[in-house]
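Numbered from 1 within each chain, the chains take letters A, B, ... in sequence-line order. None of the values given here were measured: they were computed from a predicted structure.
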Amino acid sequence: MTLPEFAGAYSDGQTANRVDAALRLGADGIEVRLAQAGALVFWSYAGLVLISPPGTGHPVLLSHDDYDGARLLCHDETILAELSSRAPRLLRGSAFGRDTWRILGWCLGAAVIFSAVIWGINRSAESLIVRIPLAWEKPLGLAVIDNVGRGASHCQDVAGQAAVGKLMERLGRSGRLPADVAVVVLDDPRVNAFAAPGGQIAILRGLIDKAGSADEVAGILAHEIGHVIHRHPTQMLVRVMGSGVFLQMLTGQSNLPAALVMLSNSREAEAEADREAIALLRGAAVSTGGMAAFFDRVRQDHGRFNLDGTLLSDHPGSAERLEWFRAAQGNAPSESALDASEWSALRAICQTPPVNER
Amino acid sequence: MWDMTQDEVAGEMPERKFVFTGAIGKLYPIFLVNLLLMIVTLGIYRFWGKTRIRKYLWSNMSLADDPFEYGGTGLELFFGSLIILVTVIFPLGLLGAVVAMLQAKGQTSLAGGLQAVEFFGIYYLIGVGTFAMLRYRLTRTRWRGIRGGVEGSALVYGFRFLGYALLTGLSLGIAVPWMQIKHLSQLYNRASFGSERFQFDAPVKPLMKRWLVVCCVSLGLLVVMAIGLSSVGKMFQPTDMVGEIMAFFIVVPVVLAAMFLNLFWYQAKFLSHVYSHLSLGGLRFRYSVTAWRLFGLVMVNLLIVLFTLGLGMPVVVLRTVQFVVGNLTVIGDVDFAAIMQNQQTAPKFGEGLAAAFDIGAV
């Protein structure tokens, strides 16, 4: 019986030279007879590796575990069929086979581990941050306010500030107000309010202009205080810097997973702040109907003014919250958060020109 | 020597072209499967996906009938990225947080100083990443079983990269061609195929002339745009908003297209200049690329990516490879029996920095 023979080429892995060779498929391996010098090289089937992907149009490229860098090249693709019966392991793993499933398994495992790490970062951020004194974060909070408020000046009107003080005093009656909370009103036309790290709360002038009553402002303020109590602003920063960087690195340039984490976190946080707000308003005997009225107003105006920023864009559906706040009031007794003169002072808080010193 | 199958005209240098047999029908399924697996694994599969694409591209490229092979693995890329995540990305994030704290405390000069350190640090790391990427790719590329390599230190190259860039900044950009040639000569003269070093020694002067003309034309085009905007506007009613908007949408695209073409005019010269001064033993290269063809390649690629929302990426990759292969010629001959296997130690992991700063294309 004659052994199958193919014409090919051989490179020894020592130099970039290539010589023509006759490949004879023996019982245990390929006998490679080199055209020049007539030398013979033996490649056992056991150590044979297929480098080129099997498929039409490709010359068959082989290497061998015992000969580092050496290559056999054969343009006749039928050699593959002959080889596969003699070296059954040869074609395995080169197509979409076991290797890919194994890699996929590892990737999924890694994805689970990384998700757990991110979950851990979030959890530990929550429990750690609550233990840090608020005052430590104050400079960071001031920087955030400057940044989000685009450097808008702080409204300084004395009577207006007294009205803000009154609101804080009312909300403090519940006994839930942290010691270091500070509120500034920024001379900025956007309808927004936000809590920054360090107990710093900013209300933008546009929100006071938009509000129909002091109860509405009190509701928003209570919501932001809710964020402060749960330390959401600092947690957010830690999440963005921790898990955000992590996810971005793992997923390449896409921000999508990070954004999803942020969104789910913030929805949870908003609900938490809402619950806290209701408790604060109850303790202050201020109607939660004010908050409901504000949502109603925003819902009707949706799209007419800029909703960028933190107050509204990430929040659970306004309609849902409206119902919630409306129902929360029930038949509980309430009195207006501010009297008429205090309310008009609050509305005029930005009309006194700022003192030329920050 | 080459195989004796070529038509050699006596007295003339033999010329050869790379042959690329890649097809979209084969590449696209790989791309799609990669995409799906990436989504399922929150992106972690991308290192293996990248490797599959490279294996396909490399194995479909051949020179003188001998195919190239890509020997890198997804695991190497994965660990490369993980190492950079810990040693570079997290520290950079911390530095950013420190800068923010200092700014908040009003220590602006210290914060500014740190920001400058961060800026130059990132630029330095881009240099390091470029060098390390070239080394990783060359050590993972084989032809006739012989692999490539790059000698020297990526960390040292980073300083050179930064230094030339700083000097060019001082020249207000006039020295850009000088910087490009310096960067490339630091890279290419350290690169090798097997034991044979690449040689790169390109004069800056011919590029400089072209660059200065391109700079002047760019400035001229800006002036034309300013004049054009005001005069086209005046052709309509002087206070007509529609006229001004029309002027904007006619003049700006025309001038921008001219500016792009102008830049490609330089880029075409740059590419053919660089390749004609690169050699490997007796082998030289010719890259016949014109501004028009380069403009066509890049613009159509851009449009494909834009209108397919990135799903046309494999088409872009194939177009680009085919463009290079079609225009690149290898001239001359070299004694391949005298080129020995590369003996430098190959890096264990790779391309973490390049991936972090988005340097590599494929």
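Atom-to-atom distance recorded for A/Leu108:CG and B/Tyr45:OH is 11.5 Å, nearest 0.5 angstrom. Here CG of A/Leu73 is found 7.0 Å from CG of B/Asp65. Values are rounded to the nearest 0.5 Å. Note that the CG atom of B/Asp66 and the CG atom of A/Leu61 stand 8.5 Å from one another [nearest 0.5 Å]. In this structure, CE in B/Met340 is found 7.0 Å from OG1 in A/Thr15, a value given to the nearest 0.5 Å. In this structure, CZ in B/Phe78 is found 7.5 Å from SG in A/Cys107, a value given to the nearest 0.5 Å. We find the CG-CH2 distance between B/Leu75 and A/Trp106 to be 9.5 Å, quoted to the nearest 0.5 Å.
Summarising the local packing, CG of A/Asp68 is surrounded by 12 or fewer heavy atoms from other residues, nucleotides or ligands at distances under 6.0 Å. Annotation for A/Arg33: atom CZ does not count as buried by contact number, only 12 or fewer foreign heavy atoms lying within 6.0 Å.
Closest approach of B/Arg144 to A/Arg71, counting heavy atoms only: C-CG, 4.1 Å.
You'll find the side chain of B/Ile146 stays beyond 4.5 Å of the side chain of A/Ser11, heavy atoms only.
For A/Ala110, the parts lying under 4.5 angstrom from a heavy atom of chain B are both the backbone and the side chain. Heavy-atom distances place both the backbone and the side chain of B/Asn60 under 4.5 Å from chain A.
With chain A as partner, the option from B/Glu69, B/Lys55, B/Gln341 having the largest number of non-hydrogen pairs under 4.5 angstrom is B/Glu69.
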